[in-house]
Number of protein chains: 4
Amino acid sequence: MAKTSSTPAPRKRRSDAEQNRLQILKAAKATFTRDGAAASLDAIARRAGVGPGTLYRHFPTRDALIEAVYRREVEALGSAAQEFSEAMEPVDALRVWMLLFLDYLGAKHLIVPALNSISGGPKRLYEGSRSVVQQAMRRLVLRAIDAGQIRSDVDADVLLRALLGFPYVPFGGEWRDGARQLVDILIAGSLR
Amino acid sequence: MAKTSSTPAPRKRRSDAEQNRLQILKAAKATFTRDGAAASLDAIARRAGVGPGTLYRHFPTRDALIEAVYRREVEALGSAAQEFSEAMEPVDALRVWMLLFLDYLGAKHLIVPALNSISGGPKRLYEGSRSVVQQAMRRLVLRAIDAGQIRSDVDADVLLRALLGFPYVPFGGEWRDGARQLVDILIAGSLR
Amino acid sequence: MAKTSSTPAPRKRRSDAEQNRLQILKAAKATFTRDGAAASLDAIARRAGVGPGTLYRHFPTRDALIEAVYRREVEALGSAAQEFSEAMEPVDALRVWMLLFLDYLGAKHLIVPALNSISGGPKRLYEGSRSVVQQAMRRLVLRAIDAGQIRSDVDADVLLRALLGFPYVPFGGEWRDGARQLVDILIAGSLR
Amino acid sequence: MAKTSSTPAPRKRRSDAEQNRLQILKAAKATFTRDGAAASLDAIARRAGVGPGTLYRHFPTRDALIEAVYRREVEALGSAAQEFSEAMEPVDALRVWMLLFLDYLGAKHLIVPALNSISGGPKRLYEGSRSVVQQAMRRLVLRAIDAGQIRSDVDADVLLRALLGFPYVPFGGEWRDGARQLVDILIAGSLR
DNA sequence: CATGAATGAGCCTTCATTCAT
DNA sequence: GATGAATGAAGGCTCATTCAT
């Protein structure tokens, strides 16, 4: 019963904390995507191959975990917006980024449902940290306005919202077509 | 095995079953709206002033309850679409109905999150019964197309999706303004 | 969704898992004996001094618990049969073991009712693993047959069944007398 | 509201109370047989085609219902014992009745499990009313003793118990063979 | 740091039981 | 007498959370 130093015991390597954190985030994304934002944290820990206690050390609350997952997803979108802006015409950058965003939403990257169950609504995330996504959208819109390509009263948040609901109505297979048409309509409706 | 109630409990007079059903639906709407579709059924029963067993008699599963709440909401939207169609120009009817729909979504009439947790996704409701909302939207769009007011390739479902996400991004107080702008953009982008 | 415990609750020091398992088994035996195989698992957990969750960790289903209780009881009977066989004349071993078995059944070691509510009847236990009890009985009978002491057509299962019903008819205080007579009759009726 | 003699109204025949009682008993037997003595009373009422309240009027407690079912079964066994006694040699009557009893137990007529969940064990039924079955067995045994066919110390209750356990160990198809052998052994073991 | 056993709150669900109709 | 809606007390079970190891 008492540990004897004679036999070192098949103890797992002091696994890197960062390594674990990453595993948890991956597991969380997959699980949240499948089961929704109310998924069992124990299940996530299990899938990540760590004990529930470890999950807790890294993310003391469910919201903290959701938020972390969210940020990771969103960071990528932010960088993309930056790149597009540097490489394309304003309206094109906007159009392409919107499509990319819909891809993120639809493909398998939840975001929305997760966002929604953060305590007190997603407000905290958006208001508090000025979400990267919102920022990205705002910059893209502003640039298009400055370039005189779209009306100056177009509200970036309005466009964002229009996109966010997209995954909520099921389509058949022509998902991409629907996405493209939505973006087309939004752009067309925003032109000056 | 034989249960013994310590205190016989003050029994409420037999209330009309239909009355109870309504109370439950109201309570469910309010609770789902606040807590999401995973809200406690016990809590709903409590708020409705009935025992949990009564809730179960009326709605044997969570989905049955969500669906019933949903249908009630949606029926009203359906009638509205009809009325607008009979009283206004096609595009105006479309515009006004979209605003009304956003009102429903935003004010406090959830629908969306609830829909989403119906078993097997919301597909069943939509595909099975050709949801009233979807029908309404389709008729309004079709009428506007027939009148030559919007492009003939505009997809009603695409517009619907654009609306559905609206409540997901928090605004400050200018909610109505955002709604109006979104509808404006969508209409503008759909004109022929 | 996030649970908030009003009072953090006094946490017991980490007891050995094996220790708990044993407590649960004991509590289960006692409770099943008194209340039948449909006894409340919560009650068993309570009596064992563990939370309901702990019971579930060890025995995920009611059947798993019943089975575990059963096996524990039965193992002892198996060993006894072995010992008796090595130490006595065949018929005597049979007689003594039958009495021991009745003791187990009657004293307070249920077995029978429990067996009966295992899903799909007790068949699984008996057929699947060739129950220890049945094995014991069969070996004892076989040995007596081989020694030419009882008729060769005596069916061990028939004797077993005769014993199993014993606890079902209430006696006064002369329980042991009844048991002895039953065994005597069975042996007498089996002699060649 | 007021009854008019002009139209007899499609009123269900003032269903005879006795009729209902019988339906309930039948339903109870079938249900107890399938689900055990803890079966849902509501389910029994449903199967009997009456409301739960009606079941309650007839049998105010679960035990009352079990007892009634039991008595009905047992009455038949009692008459049979009488008939056999009048028509056969004592030992033969005993043998045949025991076989009949096993048939009752095994075929589908529960009795035993039901007996067992009566509050305070089956004692009440047996002790209180001197169960018909016990009486029958006692008379048959006594008669065989008086005729000098079996030993005078044979205890009817002991034989009864031996029979009662029979349905508890599953056989293959040779159920009747096992029954016959058991009875043979018991008789053989009881002969003087 | 990590682990996973333990805990208990609270959910869903079933049912015995009552009682207005 | 019969009915079945309503009730509410458990019970089974899940999980977030803690903490000894």
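As the structure is a prediction and not an experimental result, all values here were calculated from the model. Throughout, a chain's letter reflects where its sequence line sits, starting with A, and its residues are numbered from 1. All heavy atoms count here, side chains included; hydrogens, waters and symmetry mates do not.
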task: Could you state the atom-to-atom distance from OH of B/Y56 to P of E/dC11 in whole Å?
output: 12 Å
message: Would you measure the distance from the C1' atom in E/dC1 across to the matching atom in F/dT21 and give it in whole Å?
response: 13 Å
- line: Taken to the nearest whole Å, CD1/B/I44 to C1'/E/dT13 is 15 Å
task: Name the nucleic acid region contacted by A/A45, choosing base, sugar-phosphate or nothing; use a 4.0 angstrom heavy-atom cut-off, strictly under.
output: nothing
For D/R72, side chain to side chain contact (heavy atoms under 4.5 Å, CB included) partners two or more places apart: D/L22, D/L25, D/K26
Review item, side-chain donor-acceptor pairs of residues 39-46 of chain B, under 3.5 Å, at least two apart:
unit_1, atom_1, unit_2, atom_2, d
B/S40, OG, B/D42, N, 3.2
B/S40, OG, B/A43, N, 3.0

query: Hey, does the side chain of C/S40 come within less than 4.0 Å of F/dG12's phosphate (OP1/OP2), counting only N and O?
result: yes
task: Please state how far atom CD1 in A/I24 lies from atom C1' in E/dC1, giving the value in whole angstrom units.
output: 12 Å
query: E/dA2 phosphate, OP1 or OP2: any side-chain N/O from A/N20 under 4.0 angstrom?
result: yes
- line: By nearest-heavy-atom nucleotide on DNA chain F, the more 5' of B/R21 and C/A43 is B/R21
- prompt: Please give, in whole Å, the distance from F/dT14 P to C/L55 CG?
  reply: 12 Å
message: A side-chain contact here means heavy atoms from C-beta on lying under 4.5 Å apart; do C/F59 and C/E67 qualify?
response: no
- request: Starting at CD1 of D/I24, measure out to OG1 of D/T54 and round the result to the nearest 0.5 Å.
  value: 6.5 Å
query: Any side-chain heavy atom of C/Y70 sitting closer than 4.5 Å to one from C/E75?
result: no
- line: Closest of F/dG4, F/dG11, E/dA2 to the D/P52 side chain is F/dG4
- request: Please tell me which of the listed nucleotides, E/dA6, E/dC12, F/dT3, lies nearest to the side chain of D/T54?
  value: F/dT3
- request: Mind calculating the distance between CG (A/D42) and P (F/dT18) to the nearest angstrom?
  value: 13 Å
- prompt: Which of the following nucleotides, F/dA2, E/dA16, E/dC11, is nearest to the side chain of D/A17?
  reply: F/dA2
query: Can you tell me how far P of E/dG4 sits from CD of C/E18, to the nearest Å?
result: 16 Å
query: If a stem is a run of at least 3 consecutive Watson-Crick or G-U pairs, both distances under 3.5 Å, which stems include DNA chain F?
result: E:2-21 with F:2-21
- prompt: Which one, E/dT17, F/dG11, E/dC1, comes nearest to the side chain of A/R57?
  reply: E/dC1
query: Should D/Y56 and D/T61 count as side-chain neighbours, where that means a heavy-atom distance under 4.5 Å?
result: no
field: Distance test, side-chain N/O of A/H58 to OP1/OP2 of E/dA2, below 4.0 Å
entry: yes
Toward the 5' end of DNA chain E, by each residue's nearest nucleotide, C/G53 or B/G53: C/G53
- prompt: Rounding to a whole Å, what distance do you find between B/Q19:CD and E/dT21:C1'?
  reply: 17 Å
statement: Closest of E/dC12, E/dT17, F/dT17 to the B/R62 side chain is E/dC12
task: Drop me the distance from D/T31's OG1 to D/K29's NZ, to the nearest 0.5 angstrom.
output: 11.5 Å
task: To the nearest Å, give me how far apart CZ (B/F59) and C1' (E/dC12) are.
output: 17 Å
- line: Taking every heavy atom of B/H58 against every heavy atom of B/A17, the minimum-distance pair comes out as CE1-O, 3.6 Å
task: Could you work out which one of F/dG11, F/dA2, F/dA16 sits closest to the side chain of A/L41?
output: F/dA16
message: Between D/A39 and A/G51, which residue's closest nucleotide on DNA chain E lies nearer the 5′ terminus?
response: A/G51
